[in-house]
Amino acid sequence: MRSALLAVVALLSLNVCLAQRQMEKLNRGVVAMNLGEGKAFVSWRLLGTDADGIAFNLYKSVNGATPVKLNPAPLKQGTNFTDASFDATLNNRYFVKTVSGNREANTDDGYTIKANTPVQQYISVPLQTLEGNVPGDCSVADLDGDGNYEIIVKQEMRPRDSGSAGVTEETKFEAYKLDGTFMWRINLGKNIREGAHSTPFIVYDLDGDGKAELVSKTADGTVDGKGKVIGDPNAKWVSPQGHILSGPEYLTIFDGMTGAAIQNIDYVPGRHPETQNPTTEQLRAVWGDGNGNRSERYLACVAYLDGKNPSVVMCRGYYSRATLAAFDFKNGKLTLRWLFDTHNNPELAAYRGQGNHNLSVGDVDGDGCDEIMYGACAIDHNGKGLYSTGLGHADAMHFTDHIPSKPGLEVFNIQERFGDAALNMRNAATGEIYWKVPPVAAATEGGDRGEGPGRGNAFDIDPRYEGSECWAAGAGMSGMWNSAGQKISNTNPRSCNFAVWWDGDLLRELLDRNTVSKWNWTNETTEPIFVAENCSSNNGTKATPAISADLFGDWREEVMLRTLDNKELRIFTTVIPTETRIYTLMHDPIYRLGIAWQNVAYNQPPHVGFYIGPNMKPAPKPNIFVK
């Protein structure tokens, strides 16, 4: 009887995890760009919920006149079109209709190229940047439920690393519509240290009402989008060295439409289990140092821990103690789902010191529920440890289907300390190390610890080999390895940064600073194919975009960068035709969650949960629903 009952419980649990997950209800995301010489490039979304075989008709209305269909037959391949009858002196509105059988259906209002718009391939988003601020990392979500993305910009003044001394200023979050309409501003205040490791923020529809919320760590003096102050506005917890190692810590969820604080709770876990104002010795006993280099390292993500509803996961620490706290948001309240904490827990000792400066999320074991790839270890959807490789901390990680011939997904990681796994590839579900490559540089005298590679990439950039090609920067590493761990070249691309699907093929292009480049595998050179003039990347030498994501148009990705004067964001989109048809990457669960965590710490590019590349199988239908 007991065995039968346990079997029923297990089956019910599995059914919960295999339920459809709710995703954003997006419109067609039509976008059009003036190419010059009487041509315009138009593209739009295929949705993950579209019926197989759906076709499209593209219409154009000039200066408000009766729309004219541009395509002689329904479009059944790539969701893009080059209009050769474009007049740049007139207003040209483009919109698509779906075609099923002989029936057409309207979609949305489309996109207008206004008269006399110059030849360009970007959308301009004017900002209201305050004096002394610099637009930094961004996130996107549908804040108002209209099917379009809004942009949330982190504005910084004087950010610093967690372990470095020096006083910082006040970080702001600002929300804008794609046309530049300003929505709200949140000021985190003087008691939140500025910096990539201190201010991760999550923007996602957590309660399923079709409108996204923002979640962030806050403190005394944080001001919400309505001007309401959180905590004590006069408190100052900043030490003379600029560290913030005492005082109340809060977790706040804000309304995406107004920026108003919905709920404010204690941040879990605090710096110390016994006091809000720990001494240096108390911090050292818990974290391993007393200056905040370990305790003030934060990560964050969204995960569908029950397979259907999103939870926000706030993380603290990865060099030593590692903590992850998962929260659900329903009926206007945040509630703790589970807490993973290695402190004073012998059963979790193997998970100490395994975290990266980034993380990734996805279902690795096929039960429909998400796991969290926390650097060299993985946390199961129930808040228990799934496995730890023991390889230790690293700076960069890439999680996708790197090896298409193997079942399931893989994690490519690097190793910052000197060991034998400067590059390593593992089974994402089990932690089995498929292959690893030792660093070239010699270990430091007297031990095996030292500075390993600081960056690593894994993208499919060479069609001659299966899956992702892998390389690293630092520790004397040079060359490139295929997905099987075989060295295929002594030369690697000049870029070891982001990637973007940009041109018409299925290989990925390289994104570094304001430049998109193509790897030429024949002569082993990195060749620029697009430069975003008058724009700058973020995060110093990390040189990352404000965000890169499939924001509109077809399945290729957009690149968002700030202008040199910090007064504008520009969203660059490809104008290269392709016949490849893939649904919007934002309806792939792993990719969409990657956009949610992209702003966290050392930004990393998003990946999909399936293989995109030469000879790829049709993209699997996502198990999602939209309201």
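Atom NZ of Lys384 is surrounded by 12 or fewer heavy atoms from other residues, nucleotides or ligands within 6.0 Å. Around atom NZ of Lys177, more than 12 heavy atoms belonging to other residues, nucleotides or ligands sit under 6.0 Å away. In the displayed structure, Lys330 atom NZ is contacted under 6.0 Å by more than 12 heavy atoms of other residues, nucleotides or ligands. The neighbour count for Asp109 CG, taken as heavy atoms of other residues, nucleotides or ligands under 6.0 Å away, does not exceed 12.
Using modelled atom types, one finds no donor on one side chain facing an acceptor on the other under 3.5 Å when comparing Asp137 with Asn599. For the residue pair Ser468 / His402, a side-chain donor-acceptor distance below 3.5 Å is found, with atom types taken as modelled. The closest side-chain donor-acceptor pair between Glu194 and Thr199, if any, does not fall under 3.5 angstrom. Of the N and O atoms on the side chains of Tyr111 and Arg28, not one donor lies less than 3.5 Å from an acceptor on the other residue. If you check the side chains of Asn382 and Trp338, you find no donor sitting under 3.5 Å from an acceptor. Side-chain contact annotation: Asn566 with Thr129, donor-acceptor N/O pair under 3.5 Å absent. Judged by distance alone, the side chains of Asn27 and Arg45 do bring a donor and an acceptor atom under 3.5 Å apart.
Looking at Leu585 and Glu557, their side chains come closer than 4.5 Å, going by heavy atoms from C-beta outward. Within the 4.5 Å cutoff, no side-chain heavy atoms of Phe327 are placed close to those of Val313. Annotation: side chain of Tyr176 is in contact with side chain of Val153 (closest heavy-atom distance under 4.5 Å). You'll find the side chain of Ser548 reaches within 4.5 Å of the side chain of Leu511, heavy atoms only. When side chains are defined from C-beta on, Leu127 counts as touching Pro135, because their heavy atoms get closer than 4.5 Å.
Without hydrogens or angle criteria, Arg21 side chain to Gly368 main chain gives a donor-acceptor distance under 3.5 Å. A donor-acceptor pair under 3.5 Å links the side-chain atoms of Asp363 to the main chain of Gly366, judged by distance alone. In this structure a side-chain-to-backbone donor-acceptor pair under 3.5 Å is missing from Thr252 to Ser216. Formation of a donor-acceptor pair under 3.5 Å by the Glu558 side chain with backbone atoms of Ile571 is not found in this model. Side chain of Trp184 to main chain of Gly256: a donor-acceptor pair is present (N/O by atom type, distance under 3.5 Å, no hydrogens or angles). Remark: side-chain polar atoms of Asp255 are not paired, donor with acceptor, to backbone N or O of Ala260 under 3.5 angstrom.
Note that Arg316 lies outside the cation-pi zone of Tyr298, set by a 6.0 Å cut-off to the ring centre and a 45° limit from the axis. For the pair Lys217 and Tyr267, the cation sits on the ring face: its NZ or CZ lies under 6.0 Å from the ring centre, inside 45° of the axis.
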Under the ring-ring contact (aromatic ring centres under 6.0 Å, His included) criterion, do Tyr318 and His197 qualify, and how do the steps go? CA-CA 11 Å; Tyr318 38 76; His197 304 284; 7.0 Å; no

Evaluation steps, ring-ring contact (aromatic ring centres under 6.0 Å, His included), between Tyr351 and Phe340: CA-CA 10 Å; Tyr351 294 83; Phe340 178 95; 5.6 Å; yes

Asn356 vs Asp395, side-chain hydrogen bond (donor to acceptor under 3.5 Å, both in side chains): CA-CA, chis, key distance, verdict: CA-CA 5 Å; Asn356 276 23; Asp395 278 8; over 6 Å; no

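Salt bridge present: Lys621 and Asp52 bring a charged side-chain N and a carboxylate O closer than 4.0 Å. A salt bridge does not link Glu156 with Arg158: none of the charged nitrogens is closer than 4.0 Å to a carboxylate oxygen. Using a 4.0 Å cut-off between a side-chain N of Lys or Arg and a carboxylate O of Asp or Glu, Arg337 and Asp328 qualify as a salt bridge. Under a 4.0 Å N-O distance rule, the pair Arg297/Asp161 qualifies as a salt bridge. Of the charged side-chain nitrogens involved, at least one lies within less than 4.0 Å of a carboxylate oxygen, so that Asp341 and Arg321 count as a salt-bridged pair. Taking a cutoff of 4.0 Å between a charged side-chain nitrogen and a carboxylate oxygen, Lys190 and Glu170 do not qualify as a salt bridge.
A perpendicular orientation is assigned to the rings of Trp44 and Phe56, their planes being inclined by more than 60° (bins at 30° and 60°). Using a 30° and 60° split on the angle between ring planes, His357 and Tyr602 fall in the tilted class, from 30° to 60°. Relative orientation of the Phe572 and Tyr122 rings is tilted, given thresholds of 30° and 60° on the angle between their planes.
Qualifying salt bridge (charged side-chain N to carboxylate O under 4.0 Å, His left out) partners for Arg160, counting only residues two or more places apart in sequence or in other chains: none.
When the options Glu24, Lys211, Glu213 are evaluated for a side chain to side chain contact (heavy atoms under 4.5 Å, CB included) with Asp205, the one that passes is Glu213. Residue Arg592 forms a side chain to side chain contact (heavy atoms under 4.5 Å, CB included) with just one option from Ile590, Ile595, Asp588, and that option is Ile595. Considering Trp501, Phe459, Tyr591, Phe399 as possible partners of His607, the one that fulfils the ring-ring contact (aromatic ring centres under 6.0 Å, His included) test is Phe459.
Atoms CG and OH, on Asp370 and Tyr304 in that order, are 8.5 Å from each other to the nearest 0.5 Å.
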